[in-house]
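I have placed the structure first, in the form of structure tokens, so that the comments after it can refer back to it.
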Amino acid sequence: MYDQVSKLFQDHFGVAHTVASFAPGRVEILGNHTDYNEGFVLSAAINFGTYFLIAPSDDATCRLVAGDLMAEVSFDVSSPASVTENTWANYVIGVLAGLQKHGATPKGFNGMFLGNIPLGAGLSSSAALEMCSGLALSALYGIEVDALEMARIGQAAEHKYAGVKCGLLDQVSSLFGKAHSLVMTDFRSLEVETLSLGEDAAFLMCNTRAKHALVDGEYNDRREHCEAAAAYFKDALDHPVGALRDVSWEEWEAQAPSMDPLTAKRAAHPIGESERVLKGRRLLDAGDLAGFGKLMFESHDSSAGYFENSCPELDTIVNAAKGIPSVLGARLSGGGFGGSVVALIHPRDAEMAAHAIDAVFKREHGHPCEISVITPSDGAHMVA
Ligand code: GLA
């Protein structure tokens, strides 16, 4: 893909690129909607990603091309304002605006990106675009931006230009991923650790290709409920509560009957999830993949029951997975309301498990789902 985008760049702009970067998508393995509740997540960077190539231009114009569409957007470097057509450009425009606050000089460029992350699959193609453009543009402008600050710049682009009040999970996973490892993040301290997974675990990514209406509004709605619940617990508990991370499952059980029922129901999910991640980590350390897989199933049940961010297509896959002995665990991955299920398997079982899941999905929904084997991979880096 790098050779392909290098050639497209040369043909389109008539010059060779001088800077190139790559950033992967991510898969969320355990810990759903815990990042903005300051809890814990286990995730991984994946073997699908996006390249971003740049050459400086002689004037103040930025020309930006999506290599798959060969669609171009141009704007003045000193006023990187959002566009309404070709909205993919907004992620890069948002990142550029963020970098300018860190001293990026207003010099124009020719840029092109090309990737292979399926769009709308819940694999964070937008975070990959933000992180590869962030790395390439900071190299072009010769500025140093710390990785967590780069993640925040990407997050701000999502908040401002895509209207999704996301946490930092997608950007952190894309930056900190490591081959054959999971990324364990504490979203309060922002401490990031990588845990080696070994050769015995693999993941199937089952893309339902379903994207239900109002996804972004639903995401923001869940976040508001979590914040309302945290405010409730802050008053009700006799220890400091800064976010749902500070509330235990027992405290939730004791308080739930006195709370607004919907707020209590929503809060149960991130509270349970954060505890599941800590438990999951201990099971991984002990090499207990089967125990870890059970937590993935529990995570999905909590999504479907408490957070209501699943959908029939995701449920079909998880229910099918529960009946296939070689699938150790399965759950929705990412924001929800469509997108993909991640399933834990032993690598030797990948083909058979994928076939069995797909057969059930086809029977119930009349078309296949898209299944790929996901390998935890290295995070974002410069290529040239
Ligand atoms: C999306 C958001 C992340 C995170 C997940 C759910 O991927 O972008 O910040 O909240 O959903 O865990």
Side-chain angles (χ1 to χ4, degrees), residues 23-46 91 94 117-131 148 150-177 182-188 190 192 205 207 211-212 214-227 230 243-245 266-277 280 295-296 299-300 302-304 306-311 314 331-342:
R26 67 96 189 88
V27 57
E28 176 199 284
I29 305 294
L30 199 59
N32 187 240
H33 286 257
T34 46
D35 60 346
Y36 57 81
N37 290 301
E38 301 184 14
F40 299 91
V41 188
L42 281 165
S43 62
I46 61 174
Y91 298 109
I117 306 172
L119 301 181
L123 294 172
S124 297
S125 56
S126 61
L129 176 56
E130 290 147 21
M131 294 303 95
L148 286 174
M150 187 67 87
R152 285 194 193 94
I153 289 174
Q155 180 193 33
E158 301 269 352
H159 284 206
K160 189 158 173 214
Y161 293 119
V164 186
K165 299 278 178 222
C166 63
L168 280 168
L169 168 69
D170 309 341
Q171 293 80 7
V172 162
S173 311
S174 176
L175 289 173
F176 289 90
L182 295 187
V183 179
M184 165 95 182
T185 311
D186 174 339
F187 280 96
R188 169 160 288 163
L190 291 177
V192 183
M205 204 65 202
N207 179 7
K211 184 168 160 79
H212 292 277
L214 303 173
V215 169
D216 300 344
E218 293 285 357
Y219 183 96
N220 295 344
D221 165 86
R222 297 305 185 275
R223 184 168 180 156
E224 279 165 28
H225 275 290
C226 290
E227 282 162 4
L244 287 184
R245 137 80 168 267
R266 297 293 185 248
H269 182 54
I271 294 171
E273 280 293 276
S274 221
E275 294 193 359
R276 268 189 285 281
V277 173
L295 293 178
M296 293 175 72
S299 165
H300 187 83
S302 167
S303 266
Y306 291 123
F307 221 57
E308 296 179 280
N309 64 333
S310 186
C311 65
L314 291 167
R331 62 187 283 281
L332 71 82
S333 176
F337 312 104
S340 298
V341 164
V342 59

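Numbering of ligands and ligand atoms starts at 1, following listing order.
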Min N/O separation C166 to ligand 1 under 3.5 Å: no

Atoms of ligand 1, numbered as shown, that sit under 4.0 Å from any heavy atom of Y219: 1 (C), 2 (C), 3 (C), 4 (C), 9 (O), 10 (O), 11 (O)

Those atoms of ligand 1 less than 4.0 Å from some heavy atom in G167: 9 (O)

R26 and its side-chain hydrogen bond (donor to acceptor under 3.5 Å, both in side chains) partner, picked from S173, S124, S125: S124

Pair Y91-E158, side chain to side chain contact (heavy atoms under 4.5 Å, CB included): steps then yes or no: CA-CA 7 Å; Y91 298 109; E158 301 269 352; 3.8 Å; yes

Whether Q155 side chain and C166 backbone form a donor-acceptor pair below 3.5 Å: yes

Side chain R331, main chain I29, donor-acceptor under 3.5 Å: yes

Y161: partners by side-chain hydrogen bond (donor to acceptor under 3.5 Å, both in side chains), with sequence neighbours left out: none

Test of proximity, R26 against ligand 1: N or O pairs below 3.5 Å: yes

Identity and separation of the nearest protein heavy atom to atom 8 (O) of ligand 1: D170 OD2, 2.5 Å

Which of the ligand 1 atoms, numbered from 1, are nearer than 4.0 Å to a heavy atom of N32: 6 (C), 12 (O)

Test of proximity, H33 against ligand 1: N or O pairs below 3.5 Å: yes

Under 3.5 Å: N/O of G335 near N/O of ligand 1: yes

Set of side chain to side chain contact (heavy atoms under 4.5 Å, CB included) partners for S303, sequence neighbours left out: N32, H269, N309, L332

Atoms of ligand 1 close to E28 [distance to a heavy atom under 4.0 angstrom, numbered from 1]: 5 (C), 6 (C), 12 (O)

Backbone of P24 reached by a side-chain donor or acceptor of S174 within 3.5 Å: yes

Element-labelled atoms of ligand 1 that are located less than 4.0 Å from some non-hydrogen atom of D35: 3 (C), 4 (C), 9 (O), 10 (O)

